[in-house]
Amino acid sequence: MLSTTDASALDRLVALKISERMPVLFLGHGSPLNAIGDNEYRRSWQALGAEFGSKFPPPRLILCISAHWLTEGWWLTGMDQPKTIHDFGGFPQELFDQQYPAPGDAAAALAISQWIRQRGAKPLGLDKGEWGLDHGAWSVLKPMFPEANIPVIQLSMDYGRAPEEHYALAKQLKALRDRGVLIVGSGNIVHNLRQMQRGASGSQAYDWALEFDQTIGGYVQQGNLDALQNFQKLGQVAKMAHPTHDHYLPLLYAAGAVDGREPLRFFNTSFQAGSISMRSVVWG
């Protein structure tokens with residue numbers, strides 16, 4: 001729960017005042033090539049970005065939780081100029097040439113770290129330069145906000161923690177939405193690179209991939225968001241959908257910041273390579 005003292009500190013340090021509540025996004029990012037290709041995914045991110053300033057208020061700050069920043073403990077990027085990270089290999093030079101020079105916000109990161117608490121009431125760590133914006137963040141944000149003029153902070157995920165701990169921490173993010181902060185989770189509801197079939201169309205997927213995607217999508221549609229943290233109880237289908245669950249966890253951060261009764265819409269409800277669900281969600 002955000003106390004009055006913490007709220008005052010946040011307003012003072014970040015200069016973010018109470019505003020119209022921002023939506024929350026979960027974006028299936030899939031292949032890094034989606035960031036530069038003329039495909040349905042990139043076009044959908046461009047269209048979503050165009051809704052800010054018309055359907056939604058423009059963000060004052062973006063807090064992004066990417067599948068690609070796994071740490072011991074939780075950390076925030078705490079620099080004013082985060083670098084663009086090309087955390088992949090074997091792709092065309094054009095992809096490595098991509099830059100997303102959005103500013104950071106060190107004061108905002110400090111304020112957020114002081115009132116979001118890890119287990120043991122420790123504040124979040126602040127990274128002053130080792131990390132930056134990885135492709136889970138910039139590959140979706142660049143099509144959405146190509147002018148790169150909105151400050152972006154990344155929040156890492158402590159991969160050693162149980163899913164319910166990620167979900168509990170995410171619930172503390174909800175108050176940020178009333179201060180102009182857009183929360184973006186970037187991962188995939190199904191992500192199994194070992195089972196990829198590169199020639200598969202967007203309508204083709206393994207049975208286990210379809211089952212897991214539809215089950216999780218059902219929880220979201222019904223507003224049964226607490227059930228998302230128990231995905232491992234789905235057994236073998238969950239193990240096939242996520243041999244490692246780094247790409248699933250960002251969904252918990254998005255879902256933790258919303259109310260189950262909020263309106264939502266799905267988009268990009270197709271698959272890449274048969275084993276990567278691109279299903280994405282807008283709440284609010």
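Other residues, nucleotides and ligands place no more than 12 heavy atoms under 6.0 Å from the CZ atom of R198. Counting non-hydrogen atoms of neighbouring residues, nucleotides and ligands closer than 6.0 angstrom, the CG atom of N149 exceeds 12 such neighbours. Under a cut-off of 6.0 angstrom, the local environment of CD in E147 is sparse, with at most 12 non-hydrogen atoms contributed by other residues, nucleotides or ligands.
Taking the six-membered ring where the residue is Trp, the centroids of W69 and W131 are separated by under 6.0 Å. For Y248 and F231, the gap between ring centers is short of 6.0 Å. Taking the six-membered ring wherever Trp is involved, the centroid distance between the rings of F52 and F145 falls below 6.0 Å.
Scanning all heavy atoms of the two residues, the minimum distance from S277 to D213 falls at OG-OD1, 2.7 Å. When all heavy atoms are compared, the tightest approach of Y253 to S156 is OH-O, 4.4 Å. Closest of all the heavy-atom pairs between G202 and S270 is O-CB, 3.4 Å.
The aromatic rings of H191 and H247 lie parallel to each other, their planes meeting at an angle below 30°, with 60° marking the opposite boundary. Classified by interplanar angle (parallel below 30°, tilted 30° to 60°, perpendicular above 60°), the ring pair H68/H29 is tilted.
The line from CG of L176 to CD1 of I116 is 5.5 Å long, rounded to the nearest 0.5 Å.
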